[in-house]
Protein chains: 2
Amino acid sequence: MTSSSITLADVASQAGVSKMTVSKVINKKPGISETTRQRVMQAVDELGYTVHASARALAGGRTHTLGVVVSSLDSQYFSELMRGADMTARDAGLELLISTTRASHEHRNIGRLAHGLVDGLLMVFPASLAPYERSLRALSLPVVVIAPGTQASAEQQHFPSVDADHYSGARQAMQHLLSLGHRRIAFIGGPPHLTPSRERLRGYREGLLTASIAPDAALQVTSDFSQRSGFQAARELLALAERPTAIFALNDVSAFGAIEAIKDAGLRVPEDISVIGFDNIPQASQVFPALTTIEQPLLEMGAAGTRQLLNLIQGVGAVTDRLIVPTELIIRASTGPLLSVDRRM
Amino acid sequence: MTSSSITLADVASQAGVSKMTVSKVINKKPGISETTRQRVMQAVDELGYTVHASARALAGGRTHTLGVVVSSLDSQYFSELMRGADMTARDAGLELLISTTRASHEHRNIGRLAHGLVDGLLMVFPASLAPYERSLRALSLPVVVIAPGTQASAEQQHFPSVDADHYSGARQAMQHLLSLGHRRIAFIGGPPHLTPSRERLRGYREGLLTASIAPDAALQVTSDFSQRSGFQAARELLALAERPTAIFALNDVSAFGAIEAIKDAGLRVPEDISVIGFDNIPQASQVFPALTTIEQPLLEMGAAGTRQLLNLIQGVGAVTDRLIVPTELIIRASTGPLLSVDRRM
DNA sequence: ACGTGTAAGGTTAGCGGTAACTCAAAAGTA
DNA sequence: TACTTTTGAGTTACCGCTAACCTTACACGT
């Protein structure tokens with residue numbers, strides 16, 4: 001037979017103890033003498049025993065697996081987030097089951113997940129929770145939401161969540177540009193129905209206010225997070241009679257588009273126009289000029305969300321309803337001091 | 001109680017049949033009359049029953065789950081590949097469990113996966129299979145490798161694999177450039193220990209040969225797949241006394257770097273230099289000028305790999321040892337006909 | 001009328017663990 | 001010494017499902 005069919009009973013007889021004793025050793029339960037423990041561990045090693053996940057789940061009522069539900073795998077952010085989640089889960093002895101939800105049968109899927117596959121669910125970047133709401137409640141399955149795209153509406157009970165501090169991050173970005181002397185600062189925003197867009201916009205506006213700068217509607221343009229739309233947004237800004245000296249793009253990718261547009265127009269970054277992004281995706285440090293940006297602590301968010309979920313499952317430890325993790329200003333080469341006006345034609 | 005504790009027995013009593021009958025209906029086993037089947041299905045719907053995955057796995061010996069082992073989630077290619085795998089797996093009624101292997105305890109992990117969690121393994125983009133080889137064999141677990149980075153060495157028994165036709169893809173790229181009249185064609189290559197790099201290089205060389213063009217070592221430069229290194233590689237090429245009229249970059253990302261370098265040098269794409277990439281990543285169509293490239297059929301590769309694995313698990317259907325899926329030339333705006341020499345400076 | 005084949009459904013016995021309890025021996029107590 | 005407590009380990013009874021076998025009823029040919 002294959003080595004995969006080694007069972008508790010095999011280890012037990014090898015070690016000369018009962019199955020239950022082996023089980024207790026494996027699960028680090030108390031009530032086992034050190035001598036026995038070592039004998040059992042030796043048998044485990046000799047036989048190469050690993051616990052059978054399904055059997056354990058069936059008998060124990062816990063699957064030792066966390067489900068991750070994500071709408072799309074190609075998000076730039078997902079990978080880093082998962083690193084954090086993975087580390088935390090592994091440390092706690094749990095597996096991570098990543099599931100992509102597609103089309104409209106999400107709730108059906110969730111049901112299947114819940115029933116004997118996972119102990120809890122991490123919802124990552126859900127555009128909306130509405131489709132899941134009902135089945136999630138019905139299953140009474142622990143759920144933590146990471147980076148909810150939309151704000152939970154008032155009437156809707158929301159789940160514990162973890163998110164970056166979009167507002168303060170935007171304030172940091174503005175603070176940076178203002179301290180460089182910029183006053184004519186444009187904002188490339190995003191879809192207004194998404195909370196991150198709105199919060200970053202709020203940070204932009206309030207940043208201007210603290211410097212007593214009146215917001216200029218012409219300096220607020222909209223993108224859809226893509227490089228192409230960042231490119232077009234920047235083009236509009238460059239066509240302005242009085243063009244901005246700095247651009248705050250609400251994400252790195254649209255900042256790339258903006259830089260491209262600026263170069264295309266024969267201008268230089270940051271000498272003519274400073275550009276700051278948001279997210280600090282890996283490419284941000286690779287492009288030329290390297291992008292100054294606001295880092296979302298994705299790894300930490302993944303880890304924190306997972307910790308919350310573990311607490312929820314074990315019913316011990318505090319669970320924060322809404323955990324906001326701080327962002328960080330990463331200064332690179334795409335921002336620079338405002339040069340005197342006459343220097344710039 | 002929660003609705004998740006609905007079991008076969010509940011459905012059985014609701015429908016007035018035995019557990020086994022319900023099980024047969026659920027699993028579409030023969031020997032059930034249409035009348036009974038409908039009665040059972042109705043009870044299933046009314047109660048909202050879903051099978052308990054662990055119980056089924058324990059009793060049936062099959063987990064109905066496929067494991068996906070991937071070294072990193074941030075690959076541009078992974079998402080599309082997974083779409084293909086996911087669709088195929090779901091159609092067959094299986095879940096996909098995505099697991100990232102980190103650090104050195106891969107084989108330990110694989111053991112845990114195998115033992116009651118998955119029926120088979122899809123290894124995606126493994127740089128090398130060596131670390132897994134032993135545990136995989138020991139577990140006698142069905143395995144299919146998607147896009148092996150390195151060629152399985154002769155002495156090493158290899159697993160069934162699926163890969164894109166890197167060689168023919170490179171030939172397609174060359175054919176395209178040659179048909180546009182280019183003869184001085186440069187190649188931005190990759191790390192020579194990786195099979196895709198080598199195969200694409202081979203396609204480049206043989207493409208030149210078919211046009212009776214003698215390879216010029218100065219036109220073959222190396223990158224590490226990154227945009228930055230593509231940028232630098234292109235810079236070297238531009239500094240040549242007799243610079244190329246077309247560049248074939250072995251992946252899209254380094255092609256982006258090349259285009260950046262060309263623009264930086266004040267030249268235009270494709271008027272001065274044509275650029276073709278490889279992979280057809282989503283951004284390829286978003287950049288300016290849109291990138292002509294060779295598409296790797298990732299979705300199809302994911303689906304094909306999964307189909308192979310399913311065949312392996314069920315022990316029926318043919319399993320091809322080494323399945324090579326064809327690539328496709330995607331013509332966009334970054335390549336153009338060779339303009340007469342005097343037109344260019 | 002009789003076996004015999006077949007379709008529809010039921011019965012039994014686990015899969016490999018764990019929770020909850022029981023029990024025996026060692027250790028503490030007066 | 002006799003009694004209680006503690007500690008270490010074993011027993012029992014499932015968890016929810018399915019493989020494999022078994023039963024029944026009816027159709028069929030001869």
Side-chain angles (χ1 to χ4, degrees), chain A residues 1-41 43-44 47-65 93 111-112 114-117 119, chain B residues 1-41 43-44 47-65 93 111-112 114-117 119:
Chain A
M1 275 299 126
T2 76
S3 68
S4 66
S5 59
I6 298 216
T7 146
L8 260 197
D10 299 329
V11 178
S13 79
Q14 166 101 353
V17 296
S18 75
K19 278 170 41 174
M20 203 57 229
T21 303
V22 179
S23 173
K24 284 174 182 162
V25 170
I26 298 280
N27 294 294
K28 300 190 175 45
K29 293 262 167 86
I32 302 289
S33 70
E34 181 56 22
T35 340
T36 317
R37 204 191 64 76
Q38 296 211 344
R39 196 144 39 89
V40 170
M41 285 312 290
V44 166
L47 268 44
Y49 170 81
T50 50
V51 53
H52 185 112
S54 298
R56 164 187 276 186
L58 183 56
R62 287 191 324 272
T63 64
H64 301 262
T65 300
R112 291 185 50 192
H115 205 184
L117 265 180
D119 293 337
Chain B
M1 270 297 126
T2 74
S3 68
S4 68
S5 59
I6 299 221
T7 145
L8 260 196
D10 299 328
V11 178
S13 78
Q14 166 99 357
V17 297
S18 75
K19 282 171 35 176
M20 203 57 227
T21 304
V22 179
S23 172
K24 282 174 182 162
V25 171
I26 298 281
N27 295 294
K28 300 187 174 46
K29 295 263 167 86
I32 303 289
S33 71
E34 182 55 23
T35 339
T36 315
R37 203 190 66 76
Q38 295 210 346
R39 195 144 40 89
V40 170
M41 284 313 289
V44 165
L47 268 46
Y49 169 81
T50 50
V51 54
H52 185 110
S54 298
R56 165 187 274 186
L58 183 55
R62 288 190 324 270
T63 65
H64 301 263
T65 300
R112 290 186 49 194
H115 205 183
L117 267 179
D119 293 338

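Just so it is clear: chains get the letters A, B, ... in the order the sequence lines come, proteins before strands, and each one is counted from 1. The shown structure was predicted, so the numbers you read here are calculated from the model rather than taken from an experiment.
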Asker: Kindly compute the distance separating NE2 (B:His64) from CG (B:Asn27), expressed to the nearest 0.5 Å.
Answerer: 6.5 Å
Asker: Send over the distance from B:Leu58 CG to D:dA19 C1', rounded to a whole Å.
Answerer: 13 Å
Asker: If we fit an axis to the first five pairs and another to the last five of the helix from C:dA1-D:dT30 to C:dA30-D:dT1, what angle do they make, to the nearest 10°?
Answerer: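 Computed from the C1' atoms at both ends, the axes differ by 40°.
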Asker: Out of curiosity, B:Thr36 OG1 to B:Lys24 NZ, how far, rounded to the nearest 0.5 Å?
Answerer: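 So the gap between those two atoms works out to 11.0 Å.
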Asker: Find which nucleotide of DNA chain C each of B:Gly60 and B:Gly31 is nearest to by heavy atoms, and output the residue with the more 5' nucleotide.
Answerer: B:Gly31
Asker: Specify the separation, in whole Å, of atom CZ of A:Arg37 and atom C1' of D:dA9.
Answerer: 16 Å
Asker: Using 0.5 Å steps for rounding, measure from the NE2 atom of A:His115 to the OG1 atom of B:Thr50.
Answerer: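 Between atom NE2 of A:His115 and atom OG1 of B:Thr50 there are 5.0 Å.
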Asker: Nearest-Å distance, NE2 (A:His52) to P (D:dC15)?
Answerer: 18 Å
Asker: Would you name the heavy atoms of A:Val22 and A:Ala12 that are closest together and state the gap between them?
Answerer: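 Closest pair (atom of A:Val22, atom of A:Ala12, distance): CG2-CA, 3.6 Å.
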Asker: Could you point out which residue of B:Val17, B:Val44, B:Ile32 forms a side-chain contact (heavy atoms from CB on, under 4.5 Å) with B:Val25?
Answerer: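 The option that passes is B:Ile32.
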Asker: Give the rounded distance in Å between these two atoms: CE of B:Met20 and P of D:dC22.
Answerer: 15 Å
Asker: Return the value, rounded to whole Å, for the distance between atom CD1 of A:Ile32 and atom C1' of D:dG10.
Answerer: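 Value for this atom pair: 10 Å.
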Asker: Which part of the nucleic acid does B:Thr36 contact within heavy-atom distance under 4.0 Å: base, sugar-phosphate only, or nothing?
Answerer: sugar-phosphate
Asker: Once rounded to the nearest 0.5 Å, what's the spacing between atom CG of A:Leu8 and atom CG of A:Leu47?
Answerer: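 Nearest 0.5 Å value for the CG-CG distance: 11.0 Å.
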Asker: Give, ordered by number, those residues of residues 9-18 of chain A having at least one heavy-atom distance below 4.0 Å to an atom of DNA chain C; if nothing qualifies, reply none.
Answerer: none
Asker: D:dG16 C1' sits how many Å from B:Arg56 CZ, rounded?
Answerer: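 Interatomic distance, CZ of B:Arg56 to C1' of D:dG16: 11 Å.
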Asker: What is the separation between atom CZ on B:Arg62 and atom P on D:dT18, rounded to the nearest whole Å?
Answerer: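 The answer, rounded to whole Å, is 9 Å.
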Asker: If you measure from NZ on B:Lys19 to OG1 on B:Thr21, what distance do you get to the nearest 0.5 Å?
Answerer: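 Spacing of NZ (B:Lys19) from OG1 (B:Thr21) equals 11.5 Å.
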Asker: Search all heavy atoms of B:Ala15 against all heavy atoms of B:Ala43 and return the closest pair with its distance.
Answerer: CB-CB, 3.9 Å
Asker: Atom NZ of A:Lys29 and atom P of D:dT7: how far apart are they, to the nearest Å?
Answerer: 18 Å
Asker: Where does the chain A footprint on DNA chain C start and end, counting 5' to 3' with a 4.0 Å heavy-atom cut-off?
Answerer: C:dG16 to C:dA20
Asker: Does a nitrogen or oxygen in the side chain of A:Thr21 sit under 4.0 Å from OP1 or OP2 of D:dG10?
Answerer: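 Checking A:Thr21 against D:dG10: at least one side-chain N or O falls below 4.0 Å of OP1 or OP2.
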Asker: Heavy atoms only, 4.0 Å cut-off, all strands: where does B:Leu8 land among base, sugar-phosphate and nothing?
Answerer: base
Asker: Report yes if the side chains of B:Arg56 and B:His52 come closer than 4.5 Å at any heavy-atom pair, otherwise no.
Answerer: no
Asker: Please compare B:Val51 and B:Lys24 by the position of their nearest nucleotide in DNA chain D and report the one closer to 5'.
Answerer: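 With B:Val51 and B:Lys24 compared, the 5'-side residue is B:Val51.
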Asker: Think A:Ser33 has a side-chain N or O under 4.0 angstrom from the OP1 or OP2 of D:dT7?
Answerer: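 It does not, given that no N or O in the side chain of A:Ser33 lies less than 4.0 Å from OP1 or OP2 of D:dT7.
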Asker: Any donor-acceptor pair under 3.5 Å linking the side chain of B:Thr35 with the backbone of B:Ser33?
Answerer: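 Checking the backbone N and O of B:Ser33 against the side chain of B:Thr35, no donor-acceptor pair under 3.5 Å is found.
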Asker: Restricting to non-hydrogen atoms, name the atom on A:Ser54 and the atom on B:Ala57 that form the minimum distance, rounded to 0.1 Å.
Answerer: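 In terms of heavy atoms, the two residues are closest at OG-CB, 3.2 Å.
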Asker: For the atom pair CD1 (B:Ile26) and CZ (B:Arg37), what is the distance rounded to the nearest 0.5 Å?
Answerer: 10.5 Å
Asker: Any side-chain N or O of B:Ser23 under 4.0 Å from OP1/OP2 of D:dC17?
Answerer: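 Result: no.
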